[in-house]
Structure formats: structure tokens, C-alpha cells
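Here is the structure we will look at, set down as C-alpha cells.
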Amino acid sequence: MFDRLIEKFTQTPEATRATNLKEWADSIPETIRIKDIAPRCGCRAVGVIQKIRIDPRAGTGSVEVTLDDGTGRLLARWLGRSKLNGIALGKGLEVEATAGDHAGDELVVLNPSYRLMPGPDGG
Amino acid sequence: MSTTADAVKRLLVGSPKSSGELEHTLLPKVIALPVFSSDPLSSNAYATQEALLVLALAGAAGLNLILPISIAVATLLVIVVTSYRQTVRAYPLGGGAYRVAHENLGMYPGLLAASALLIDYILTVAVSITAGVEAITSASEALHEHRLGLAFLFIAFVTLVNLRGVRESGTLFAIPTYGFVLSIYLMIGTGIVRCLGGCPLAESAGRDLPVAAALGPLLVLKAFAAGTTALTGVEAIADGVPAFRYPQSKNAATTLTAMAALSISMFLGISWLADHTGVIYTALPLGQRSVVAQVALAVFGGGPLFYVIQIMSAAILILAANTAYQDFPRLSSILAQDRYLPRQFMNRGDRLVFSNGIVILALLAAMLIYIFDANLTRLIQLYLVGVFISFTLSQTGMVIRGRRLKPPGWKRTAMISGFGAFVTGAVLIVITYTKFPEGAWVVIAAIPFAIYGMRSVNRHYQEVGRELRRPDRRPTDRRPGNQHMVILADGINLATARAVGYATSVASSDLEAVTFDPSSSDAWRRAIPDIPLHVMRPGGSRTGSLRAYLRAKRRELTPNDFLTLLVPEVLTSRSLLEVLKNLGLTRLKASLLDEPDVQVMDLPITEDKGDHASLEIQQPLRNHVCVLVSGVHNATLQAMEFAETLRPTDIRAINFGLDPSSSERLGDQWLEHGIPHPLEIEDSPFRDIGSSLTHYVRQFKADGTKRVVTIVIPEFITPKRRHRLLHNQTALTVKSRMLLEEGVVVVSVPYHLHD
């Protein structure tokens with residue numbers, strides 16, 4: 001019990017947030033944590049929406065959503081569309097696709113199927 | 001923020017919490033009850049006394065009425081609580097009387113309720129802290145002259161604990177609140193048991209009581225009004241529904257009932273004991289024990305339990321302030337959401353509380369205590385008017401709502417609320433009438449000012465909204481004009497060299513420099529012969545002559561063109577103190593924001609690395625332009641067009657989603673307006689744009705020579721200076737943070753709002 005207390009007081013706020021996010025992600029069945037995803041495997045991951053990038057430039061356009069599950073970040077990119085209904089910061093998103101490569105410290109998946117869910121704060 | 005200040009802040013209020021932890025800060029009922037009930041429960045410490053004080057004027061015959069009057073007050077409490085239970089269910093977002101009145105009775109009744117509540121919360125803090133201090137200083141005469149200092153100390157303490165978080169303050173303050181409840185129950189229980197064999201008498205029992213007034217209906221009404229002090233704080237729960245755990249409305253309603261049960265039983269118990277122990281309480285002589293203390297003394301006979309009651313009463317009086325600390329910040333955030341108060345009240349601080357509201361409440365309460373010299377009898381006169389204004393409006397609003405929506409069983413609840421509104425309205429008149437000359441006029445005079453203030457804030461925000469969406473000022477053609485640049489050169493140094501490099505990469509054709517320093521002109525012409533240098537005439541104000549120069553230049557350009565003043569700056573250390581040292585330049589930049597159609601670009605470097613000879617002018621190879629956006633409107637569109645003229649490597653708009661719920665709408669608007677650039681919406685989990693932006697720009701690894709990042713900030717410039725506090729606070733934070741980032745250029749693109 002004291003270990004937990006000491007941990008609570010010495011953790012950086014970022015680490016606390018990561019722990020909370022991971023706890024939340026662990027509670028969603030049949031999903032894998034982002035850092036455990038092997039390149040080019042088919043898998044289902046979940047994370048809280050950290051960043052949304054919409055690119056409406058001429059041609060196709062794209063939407064990118066960065067997910068964070070406390071263990072790492074995953075970049076889901078949808079090509080040929082500029083809008084994804086219901087996407088908002090802080091919501092949870094489950095994506096299923098074949099993973100691409102780790103670009104820098106982010107893992108990229110293209111055109112995954114997705115499912116929205118409440119984020120860790122219940123909102 | 002510097003690391004030392006950061007460390008001190010962490011020590012005092014704790015480390016920041018992420019927005020995702022908001023649910024963890026919600027209160028379970030066991031903690032919510034003391035948090036929101038310390039104010040209503042504390043009023044039991046003096047409600048009986050207030051009623052007895054009036055009744056004593058009619059002599060012994062008057063005192064006999066204390067029980068019937070207490071029962072009447074308790075009945076009113078039941079009525080009001082029944083009505084508020086409906087309110088809590090109907091308005092789960094909190095806001096209590098303000099929201100009910102605003103939605104059902106109209107804007108002005110809503111603002112009346114809001115001002116009454118806000119003023120009342122400030123008074124709650126001032127009164128309860130003063131009462132607590134008085135309880136302490138009456139024990140020790142030596143402390144009396146330090147009462148102001150003591151009051152400020154308590155305010156600082158309660159403020160600090162509240163800044164640490166809702167849960168934290170709730171847990172800490174739950175102990176004395178429950179302690180107070182238990183000790184009073186113990187007193188009532190012991191008293192009833194002892195009364196079985198004949199009640200013990202209070203020290204004042206049987207004192208000679210001259211009849212000063214006839215026992216008429218007016219006196220009874222006054223005593224009843226005085227006793228309604230027991231109702232103060234009932235509105236607290238209705239204001240704070242969002243602080244509860246889910247299901248919020250249900251939990252809030254249950255807590256409200258529990259609070260009412262505690263309050264009524266304590267109040268009736270104290271009144272019954274006061275009646276049976278024969279307590280007499282009169283305005284004179286000074287230095288009498290309070291009614292609760294007299295009852296405790298009679299029941300416990302001066303043992304340790306007597307002192308427990310004394311200590312608990314003092315503690316609960318101070319803690320009543322805590323209820324106001326919960327509700328004032330929350331109500332002001334709701335008012336800010338509805339655009340009646342500055343938007344800053346909506347910001348949650350490091351610990352997810354509305355820090356700005358907490359600090360403002362502390363300052364106003366401290367000011368009030370200072371003005372009234374911590375004098376309880378004068379302060380307490382101001383109290384109650386606000387409470388009853390809000391009760392009356394809230395219940396009237398609930399009646400109207402019932403008639404409008406006709407929910408099942410509405411007739412019964414509307415009748416209860418209607419009757420409640422009638423009685424509280426009557427009490428309001430009595431209180432106003434009796435307390436007006438003694439100080440209530442201050443509150444009644446202050447309310448119109450508060451309403452006027454909120455109304456004008458709202459009007460201002462609406463005007464700004466209209467201005468920002470005016471179709472005739474929307475930059476719609478996607479062919480922006482040319483970029484014309486003027487470098488403000490202060491000698492030749494590395495900063496000027498960078499500015500020249502930057503400017504030539506953007507506007508090589510139309511570029512010039514101005515200086516106030518004639519001695520550097522020869523060196524300039526030798527080093528940078530391509531850029532004409534204009535030496536300003538010495539004397540007169542620098543701002544004035546620069547402004548005149550820019551105006552003349554502006555007249556030569558078409559309205560589509562941009563005119564940008566580049567301000568290179570050498571900061572010798574990585575400290576914000578540098579900005580203070582260079583106040584002249586800071587003021588110059590600030591005043592140029594007033595100048596229509598001139599942009600000011602800041603190019604700071606952090607140290608002067610070298611002399612003139614080694615200065616090499618280098619155009620940056622990559623220029624990443626980031627436009628900070630908060631919404632899609634004319635100011636944003638103009639800033640995007642400005643960004644396009646900078647010949648950047650890439651342009652993007654970024655938004656740090658302080659309000660996550662609006663992120664989807666922002667994306668939709670972006671697409672609707674057809675802006676051909678990417679938009680990035682990034683969460684700032686610790687609600688700190690400065691840090692998030694710092695983190696963001698560092699990904700470009702700008703060095704200032706080969707790679708630069710340009711941050712474009714759209715700013716609203718209002719014609720009236722007093723309105724400026726309402727805007728651009730974020731721009732200020734961003735500018736001060738970015739000043740110290742290597743290779744980051746910040747440019748303000750002002751959008752002038754017309755009146």
C-alpha cells in the first residue's frame with residue numbers, strides 16, 4: 001500500500017496520466033497495447049484521441065487521428081476522406097487494421113475500421 | 001514558468017492533473033454532504049439565537065414562541081428543499097437559481113439571481129471567516145488586535161486547500177463538519193435524556209427581562225425572518241450538481257434530502273433545548289455566551305464536552321466559507337460559458353478546479369473584511385438578502401417551468417414551489433425592510449452594478465462575435481496581396497542579421513529598414529547595401545515617429561497587401577526578466593498593435609554571439625508556419641492569408657483543444673470554409689497551451705538559420721482599452737513562452753474590431 005502511495009507522490013503528472021490511460025485501455029477486451037504491436041500484424045488497438053489532423057487540400061484529402069493508450073502512440077490515417085463523424089478529443093477510439101511501420105516513435109495504420117467509445121473520463 | 005516558481009507551486013497546490021482525471025475529482029455523497037452542507041449546517045450555530053434575540057424584546061411571553069417559530073422555519077426549509085430537489089433534477093448542469101431564472105423568467109431575472117448569489121458567496125466567506133475569528137479572539141483578548149491578520153490567514157488557508165482540488169478540500173474539511181454534527185446530536189440527545197427528570201436550567205434562565213415591545217404580528221414576523229437564517233446555504237447543492245458522482249442529479253437530490261434532515265433536526269433540537277433550559281439572549285450586555293454555548297453548558301455542565309461544542313462551532317463557522325469556495329467558482333464558470341463573465345473563469349487550473357474563480361473570491365472576501373474591519377455585527381447585516389432573492393426567483397422559475405413543460409405531477413410540485421416562493425418573497429421583504437438601514441442597502445445597491453457589468457460583458461462578446469463573422473470583412477478571395485517588410489534595426493547584430501535573412505526570403509522586392517541610431521548607418525550600408533536604411537530623426541516619441549512612418553508606407557499599398565514590422569531582439573539571458581529590462585521595446589510593440597493593418601513580427605535570439613564582421617546573412621531553407629486558431633472566423637482567415645504570403649515550406653493551423661467537446665465542430669467549420677490548409681487539433685491534457693506549444697514547435701528542431709518556425713497569432717484589437725483584458729490572454733502567454741525558443745519567430749496579425 002505504501003509503495004502505491006510513494007509512487008503516487010513521486011510520479012510526474014505525465015506518468016500518472018499514462019498509468020490511468022493504460023488502466024482504461026486494459027479494461028477494454030480483445031485489444032492490444034500499442035507498444036506490443038508488431039509491424040505488419042493484424043491487430044485491434046484502442047486509445048484516447050490525442051490529436052486530430054484534417055487535410056482538405058486539393059485532391060483526395062486525409063484525416064489523421066493520433067491515439068494514446070499510455071504505452072505509446074498510434075497514428076491512424078484515412079486517405080481519400082476529409083471527415084470522420086463523431087471524432088473529438090478525449091473520446092476513445094478502437095481501430096482494427098494491419099499495422100504499418102513505426103515511423104519515428106509513432107506507429108502508423110492506414111484506413112483502419114474504427115469504433116468510437118467513451119474516453120477514460122466517461123465523456 | 002521558471003523551475004523555482006514551478007517547484008513552489010507544486011509544493012503548495014500539488015502537481016498538475018490531466019483533464020482525463022476529472023471524473024476522479026467527482027465527489028461521493030459522503031464527502032459531498034459535508035462539502036455542500038457546511039454552510040447550511042453552520043447556520044444552526046446561530047439561527048435559534050437570531051430568533052431569540054428578536055423575541056426577547058417582547059419579554060418572557062415572546063420567548064414562549066421560539067418553538068412554534070422554529071417549526072415554521074423548519075416547514076419553510078422542507079418546502080424550499082422540495083423545490084430545489086426538482087431544480088436539481090431539471091438542471092443537472094448546476095447553476096441553481098441563476099439557470100432556473102434565466103431559462104424560465106428571462107435574462108434580467110437570471111442576472112439578478114446570479115448577482116445575488118455571487119455577492120452572497122463573497123459574503124458567506126467574509127461572514128464565516130469573521131465569525132470564526134471572533135470565536136477565537138473572544139477566547140483570547142490578546143488576539144483581538146490581530147483579527148484582520150488572522151482573518152487573512154484563514155482565507156489564505158482555505159484558498160490554498162481549495163486550489164489543491166475539490167476532493168482534497170472536501171476530504172480535509174469533512175472531518176470537522178461531521179464532528180460538528182455529531183457533537184450537536186450528542187448535546188441534543190444528552191439534553192433530552194436529562195430533561196426526562198426535569199430540565200437543567202441555563203445560566204441566563206430566569207434573568208429579569210424587561211418588555212421593550214408589544215408581542216404583535218410584526219414582531220413575530222421579524223423573529224420568523226431572523227430564524228430563516230437556518231435556510232442559508234440550501235442553494236449550494238443546486239449550484240454544484242456537476243461536482244457529484246454519476247448519476248449526478250440523483251446523488252445531488254439524495255444529498256439535499258440528507259442535508260435537510262440534518263439541518264432540521266439540529267435546528268429543532270437546539271430550539272427545543274433552548275426553550276426548555278430557559279435560555280435568554282438579548283442584545284445587551286455584551287460578552288454573553290452564545291445560545292448554543294449556554295445550552296451546552298447547561299446540558300454538559302462545563303465538562304470537556306462543553307469545550308468540544310465550542311471548538312466544533314468555531315470550526316464549522318470557518319468551514320462554511322468552504323461551501324462558497326465550491327460554488328462561487330462554479331457559478332462564475334457557468335456565467336462565463338454563457339458569456340456573462342470573462343472567459344478566463346472557465347479555465348480549469350492544474351488541479352481541475354476553476355482557479356481564477358477561487359482567487360477572485362478570496363480577494364473580494366478579503367477586501368470586504370478589510371473594509372468592514374472584521375466587524376461581524378456589521379457584516380452579518382449584509383447577509384440573507386441575496387439568499388432570499390435567489391430562493392424566490394428559483395422557486396418562481398420552477399413554477400413557470402412546471403406550467404410550461406407540464407411534467408407528470410407538476411401541479412403538486414408547482415403548488416409547493418409557488419407557496420415557497422410566496423413565503424420566501426415575504427421574508428425577503430421583511431429582511432429588506434428591517435436590515436436596510438443597517439447595511440443591507442450595500443447589497444441592494446451593489447446588485448444593479450453587478451447586473452450592468454455582466455450585461456456589458458455579454459454585449460461585448462456578442463459584438464465581437466458579430467464583427468468576426470461580418471461577411472463584408474471576410475477575406476474571401478484566395479489571392480492575397482504582397483508582403484512588404486520593414487526591419488526595425490537597432491545597430492547591427494546577429495538578431496538583425498537573422499531578421500534580414502528572414503525578410504529577404506519572404507519579400508526580397510519590397511524591403512527596407514529603419515533605425516533610431518544614426519551612428520550605425522554607415523556600417524549598415526557597408527554590410528547590407530541592398531536594403532535601404534531610413535534613419536529616424538532624433539527627438540519626439542519613437543513610437544509616434546515610427547507610427548507616422550508606417551502610416552505613410554501603408555498609404556502606398558493596396559488593401560490586400562500586408563505590411564509587417566520586423567523587430568529583431570537580442571536577449572542576453574534565458575530569462576523573462578529580459579523583457580522587463582527592455583520595457584521600451586515591449587511598449588512599442590504593444591502600442592503598434594493599435595495600428596490598423598500593420599503586423600508586428602518578433603525575432604528574438606537569446607545571446608549575441610559574435611561581432612559585425614562575422615555576421616553572415618542567411619536565408620532560412622525551411623520555414624514552417626503555424627497559425628494558432630481558436631475558431632473559424634475573419635481573424636483566422638486573415639491570419640491564414642498572411643501566412644500564405646510568407647513563402648513558407650508548409651502552413652498548418654493548430655488548435656490546442658482546451659474545450660474538447662468543440663473540437664468536432666471546429667473541424668466541420670474548417671471544411672465548410674474550404675481553407676486549403678491542414679488543421680491540427682491537439683489535446684493539451686494539462687490545459688497549458690504554453691507547454692503544449694513548446695513541445696509542438698520543438699519537433700521542427702529549428703535552429704534559427706536554416707530552419708525557422710513562424711507562429712502566427714491572430715489577435716482581436718478592441719476599440720476600448722478596458723475590453724482588451726477580455727481578449728488575447730492566450731496570445732500573451734504564447735508570446736512570452738516562445739520568446740525563449742530557439743529559431744521561433746512570432747507574429748501578431750491584429751484584427752481590428754469596429755465599434
Side-chain angles (χ1 to χ4, degrees), chain A residues 7-25 47-70 73 75 77 81-93 103-106 116 118-123, chain B residues 6 10-11 14-26 242 245-248 350-352 478 632 650-688 691-692 695-696 699:
Chain A
E7 197 185 294
K8 209 179 145 186
F9 277 101
T10 51
Q11 252 184 356
T12 63
E14 290 77 14
T16 312
R17 179 167 185 263
T19 315
N20 289 341
L21 283 180
K22 183 170 179 300
E23 229 166 72
W24 166 76
V48 64
I49 298 178
Q50 180 63 40
K51 181 172 162 184
I52 304 164
R53 180 186 162 102
I54 50 179
D55 191 344
R57 272 179 290 189
T60 54
S62 69
V63 183
E64 287 175 14
V65 173
T66 307
L67 300 181
D68 190 341
D69 73 349
R73 289 192 168 197
L75 183 77
R77 182 182 291 141
R81 61 192 300 177
S82 51
K83 187 169 165 47
L84 231 54
N85 282 327
I87 295 285
L89 295 183
K91 281 194 186 176
L93 193 71
D105 54 353
E106 274 178 345
L116 272 167
D121 64 342
Chain B
D6 217 22
R10 275 199 180 199
L11 191 70
S15 58
K17 287 184 172 180
S18 69
S19 306
E21 288 176 81
L22 189 59
E23 196 181 332
H24 296 275
T25 69
L26 298 181
R245 274 198 186 157
Y246 296 99
Q248 296 185 320
D350 278 352
R351 307 284 286 182
L352 295 168
R478 307 254 19 119
V632 187
D650 50 25
I651 299 181
R652 69 195 70 200
I654 40 179
N655 167 272
F656 291 98
L658 290 191
D659 179 13
S661 56
S662 69
S663 55
E664 192 180 3
R665 200 163 42 100
L666 181 63
D668 288 348
Q669 288 176 341
W670 194 257
L671 295 173
E672 270 166 35
H673 279 77
I675 304 164
H677 298 287
L679 166 71
E680 295 184 2
I681 308 172
E682 183 148 3
D683 197 6
S684 178
F686 298 97
R687 304 162 302 285
D688 178 359
S691 302
S692 294
H695 189 257
Y696 187 89
Q699 68 172 330

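Proteins come first, then strands; the chains are lettered A, B, ... in the order of their sequence lines, and each starts at number 1. Excluded from the calculations below are hydrogen atoms, water molecules and symmetry mates; all remaining heavy atoms, backbone and side chain alike, are included.
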**OP:** Would you indicate whether the side-chain heavy atoms of B:P685 and A:Q50 approach each other to under 4.5 Å?
**Re:**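 With C-beta onward as the side chain, the pair touches.
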Which value, rounded to the nearest 0.5 Å, describes the distance between [X] atom [atom1] and [Y] atom [atom2]?
X      : Y      : atom1 : atom2 : answer
B:E682 : A:L89  : CD    : CG    : 8.5 Å
B:D668 : A:I54  : CG    : CD1   : 7.5 Å
A:T66  : B:D683 : OG1   : CG    : 11.0 Å

Original post:
Which bit of A:I87 is near chain B, if near means a heavy-atom gap under 4.5 Å: side chain, backbone, both or neither?
Top reply: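 It is the backbone, since no side chain atom gets that close.
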Original post:
Where on A:E64 is there a heavy atom nearer than 4.5 Å to chain B: the side chain, the backbone, both, or neither?
Top reply: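 Contact with chain B: none, neither part.
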Subject >> Residues, nucleotides or ligands: over 12 heavy atoms within 6.0 Å of A:K83 NZ >> reply: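 Enclosed.
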What pair of heavy atoms forms the shortest contact from [X] to [Y], and how long is it?
X     : Y      : result
A:R53 : B:P678 : NH2-CG, 3.4 Å
A:I52 : B:S663 : CD1-OG, 4.4 Å
A:K51 : B:Y696 : NZ-CE1, 4.1 Å

Original post:
Side chain, backbone, both or neither: which part of B:L679 has a non-hydrogen atom closer than 4.5 Å to chain A?
Top reply: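 Both the backbone and the side chain of B:L679 come within 4.5 Å of chain A.
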